[in-house]
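Report on one structure; see the data block that follows.
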Amino acid sequence: MGIKVVFREAEKELDSGVSIIEALKAFDKKEAKKALGARINGKIIDLSTVLTEDTGFDIITGETPEGLEMIRHSTAHVMAAAVKRLFPDAKVTIGPAIESGFYYDFDRKEPFKPEDLPKIEKEMQKISNENLPFEVKTLTVAEAVEFFKAAGENYKVEIIEDLAAETGTTEVTIYKCGDFTDLCRGPHVPSTSKIKAFKLLDVAGAYWRGDETKPMLQRIYGTAFDSKEELDIYLKNLEEAKKRDHRRLGKELDLFSFQEDGGPGLAYWHPNGALIRHLIETFWKNEHIKRGYSLVYTPHIARAHLWETSGHLNFYKENMYSPIDIEGQEYILKPMNCPFHILMYKTKLRSYRDLPLRWAELGTVYRYERSGVLHGLLRVRGFTQDDAHIFCTPEQLKEEMINCVRFARYLNESFGFKDYDIFLATRPEGHAGTSEEWDVAENTLREALVQEGVPFTVDEGGAVFYGPKIDIKLKDALGRHWQGPTIQFDFNLPRRFDVNYIGQDGQEHKCFMVHRALLGSMERFMGCLIEHFGGAFPLWLSPVQIAILPISDRHQEYAQKIADQLREKDFRVTVDDRREKIGFKIREAQVQKTPYMLVIGDEEVAAAKIAVRERKEGDLGAMDIYRFIDILKERIEKKI
RNA sequence: GCCGGGAUAGCUCAGUGGUAGAGCAGCUCACUCGUAAUGAGCAGGCCGUGAGUUCAAGUCUCAUUCCCGGCUCCA
């Protein structure tokens, strides 16, 4: 019996039971070679799938995201196959494709060593050369359980049993690839010969199902691409990211350090880093004052009692430093600033006429983070939040949210983050407040975003228990995502602390309260900034903006004069008066990523000019100092 | 916290049981030089910390501190 098969507008009559790959060959041999999988009605399936009714299909190639995912998933299987060949005692668990590649978790007594990776890679290459087909087979749950039990693969048995219990499925699929058979939903590329551009990157421990109470497995990370060229580009990007690592640049540019004697997760800001921080903070403060915020300062510790009232000792205890005993009273280092601002709010009776009150503080907080999660400036135990709390009436909430979003965007764009995604996080399970309250708050936040005309994604259930929030995720120069501004509504604290205002009606009303941080913390933002710019900060943030490089001793005097003139205009200038060759001085300024170098020699002194070199553009030629100052001013104005 | 790897000069790193090394940086001297490294010399180390094994430990064992990679992107 014949069936009608459609491929890209062309139609053919083929025998029922024909496989997609055979059908495809009938249409276009070239495409058949490129195909990794097929798509029918939006579903991605194996090329070996047989067709029994009239249908249309399209192919998936390695050039599409779906194809790439297939390649990676299949590469994970090839890796598992290689591991089973080399280490027969390893038990397989799961091995998905992930954003940047794939991983596979194994259970094995002896952990994998970094030296094992090349061996496994070699075996994978062999498997690829063997051109083994991926063969799919459907088994009943009982058959599959029996099969994997016989193979001693107890994790697979657990997966199948859970799967059956959760979804009620009675059948599962297995894929055979040479002598290795794995439980897998597929789809897979037709043969291991399609797996040709891969690299194993790391070994790491990972808990079975991410659960700390479950056994620790050995995870191998790798990546794979459609072509060797793409793999090379990816590996090069990894190198580039390594060069931009803020921990490395922090050392090279002498920005910050961590001290073993001081304790982990506690940053030391060296003069260069501190200067950048000062510039960020000054800009931040001025912008807040412009927008009707008031700056406040609060202490670093408070009585344990305060944290009982706020509820932190209940829901946040494991992140807080232990109490300090002073005169029989327990004090705790603050993990958040909000209770302090509330105490200040409550120092007098507030009228609706006083609201909104916007109180901002660069508040330093301490939080206990588990030792294994600390990471440079990005995850620390002591940090300064660019915090603010807005106390307002329900009617004012929307406008305040709009202002926050606008402010957040302006601030981050000023620091070069022009690309970001906005998320509205809605109520999670077990939240505080009533459903009606959440409806009102979520709708107000949504309306604010709509009115502001910014695209956003709703993160269902992504909010914290005390209220909905707007999160902004920044994208850096390498396209990586960073947690950026967060604007959170709070039902909880105004109630716990009984935060009120007197309304027009002369009655007490509960305040609305908004927490927001626009940069996050000075530490994390600094780390993010360093990586975004690769250490080459824009002119306005560069610790040294201009390095003056006299060619020989007789040019010192003129160089000093130029330096004085620039310092007069508030530029940060150094004069390199060492007796070194000009090439050496340039190299050093270049390595320090100094935005401008001024070369001063006989010609410049004679013509009363300066030879300007920009760190990226190179030699800009000679110009007079006023022209140069104009260039500087323009760049600073534009914050580039 | 847990798994794995690591810690040697200011920095980057070599050193598999027998007298601690290199490059860069630092200091001294010479060179007065035109757009990314001038040359020579000198100095620099409780080999993260604490125990242990050994005639002998940077090296082996144990503990500890800190750093690095990871710890449900679900067959």
Side-chain angles (χ1 to χ4, degrees), chain A residues 69 72-73 76-77 80 92-105 108 110-116 144 148 153 155-164 166-167 169 172-175 182-186 188 201-221 245 247-248 251-252 254 258-265 318 368-376 549-556 578-592 597-604 611-615 618-622:
Chain A
E69 198 185 322
R72 288 171 173 176
H73 188 190
H77 273 248
V92 290
T93 69
I94 58 166
I98 54 174
E99 200 183 318
S100 60
F102 63 88
Y103 67 79
Y104 209 113
D105 286 348
R108 190 173 163 240
E110 189 84 359
F112 293 107
K113 297 248 152 71
E115 306 89 84
D116 294 331
F148 285 106
E153 298 288 7
Y155 290 92
K156 292 292 179 187
V157 173
E158 188 182 328
I159 293 167
I160 297 166
E161 283 171 346
D162 283 4
L163 199 67
E166 275 166 37
T167 65
T169 187
V172 295
T173 51
I174 55 170
Y175 279 78
D182 198 2
L183 172 76
C184 185
R185 123 184 100 188
H188 278 291
L201 297 169
D202 264 312
V203 286
Y207 297 103
W208 171 232
R209 304 205 149 167
D211 186 336
E212 290 179 33
T213 62
K214 302 235 161 86
M216 175 70 71
L217 307 174
Q218 304 299 321
R219 173 170 298 181
I220 301 178
Y221 280 94
D245 190 311
R247 292 164 300 185
R248 174 187 177 134
K251 205 176 270 176
E252 285 172 6
D254 202 7
F258 290 88
Q259 302 296 326
E260 188 169 344
D261 289 342
E318 58 285 8
Y368 168 72
E369 297 281 359
R370 302 202 299 173
S371 60
V373 304
L374 300 175
H375 182 93
L549 316 176
I551 284 178
S552 76
D553 285 352
R554 64 178 177 278
H555 310 119
Q556 297 289 359
R578 293 171 306 173
R579 295 171 67 172
E580 293 291 350
K581 277 177 63 171
I582 192 67
F584 179 85
K585 292 183 182 181
I586 287 170
R587 180 185 153 78
E588 203 137 285
Q590 213 45 77
V591 166
Q592 285 299 305
M597 288 148 265
L598 304 183
V599 176
I600 305 293
D602 288 338
E603 290 168 32
E604 287 70 31
V612 180
R613 181 189 166 95
E614 203 273 342
R615 68 183 164 201
D619 194 352
L620 300 182

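Just so we're on the same page: letters track the sequence lines, and every chain starts at 1.
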Does any nucleotide pair with [N] by Watson-Crick or G-U wobble geometry, both distances under 3.5 Å, and what is it?
| N | result |
| --- | --- |
| rG23(B) | rC11(B) |
| rG1(B) | rC71(B) |
| rC66(B) | rG6(B) |
| rU35(B) | none |

Base, sugar-phosphate, or nothing for [X], non-hydrogen atoms under 4.0 angstrom?
| X | value |
| --- | --- |
| E604(A) | base |
| A589(A) | nothing |
| H375(A) | sugar-phosphate |
| A204(A) | base |
| D602(A) | base |
| Q259(A) | nothing |
| K585(A) | nothing |
| I94(A) | sugar-phosphate |
| L163(A) | base |
| R209(A) | base |
| F584(A) | sugar-phosphate |
| Y103(A) | nothing |
| D202(A) | sugar-phosphate |
| G583(A) | sugar-phosphate |

When rounded to the nearest Å, what value does the distance between [atom1] atoms of [N] and [M] take?
| N | M | atom1 | result |
| --- | --- | --- | --- |
| rC42(B) | rG23(B) | P | 12 Å |
| rC2(B) | rG45(B) | C1' | 35 Å |
| rG58(B) | rA20(B) | P | 8 Å |
| rU53(B) | rG69(B) | P | 37 Å |

Open item on the list: Applying side chain to side chain donor-acceptor pair (under 3.5 Å), can you list everything that pairs with D162(A), at least two apart in sequence or on another chain?
Closed with: R209(A)
- [ ] Could you tell me which residues satisfy side chain to side chain donor-acceptor pair (under 3.5 Å) with E604(A), sequence neighbours excluded, listed by chain and number?
- [x] none
Open item on the list: Need two values: the first and the last nucleotide of RNA chain B, 5' to 3', having an atom under 4.0 Å from any heavy-atom of chain A.
Closed with: rG1(B) to rA75(B)
TODO: Anything under 30° is parallel, anything over 60° is perpendicular, the rest tilted; go ahead and classify H73(A) against H188(A).
DONE: tilted
Task: Carboxylate-amine/guanidinium proximity below 4.0 Å for D211(A) and K214(A) - done: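 K214(A) and D211(A): salt-bridged.
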TODO: May I ask you to decide if V92(A)'s main-chain N or O and E153(A)'s side chain share a donor-acceptor pair within less than 3.5 Å?
DONE: yes
- [ ] By nearest nucleotide on RNA chain B, pick out whichever of Q218(A) and K251(A) is the more 5' one.
- [x]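 Nearest-nucleotide comparison on RNA chain B picks Q218(A).
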- [ ] Take R613(A) and I159(A), find for each the nucleotide of RNA chain B with the closest heavy atom, and name the residue whose nucleotide sits nearer the 5' end.
- [x]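 Its nearest nucleotide lies further toward 5', so the answer is R613(A).
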- [ ] Check salt bridge (charged side-chain N to carboxylate O under 4.0 Å, His left out) between E588(A) and all other residues, then give those that pass, not counting sequence neighbours.
- [x]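 So E588(A) forms a salt bridge (charged side-chain N to carboxylate O under 4.0 Å, His left out) with R578(A).
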Task: D202(A): salt bridge (charged side-chain N to carboxylate O under 4.0 Å, His left out) partners, not counting sequence neighbours - done: none
Can you list, pair by pair, the side-chain donor-acceptor contacts under 3.5 Å of residues 94-103 of chain A, counting residues two or more places apart and other chains?
none

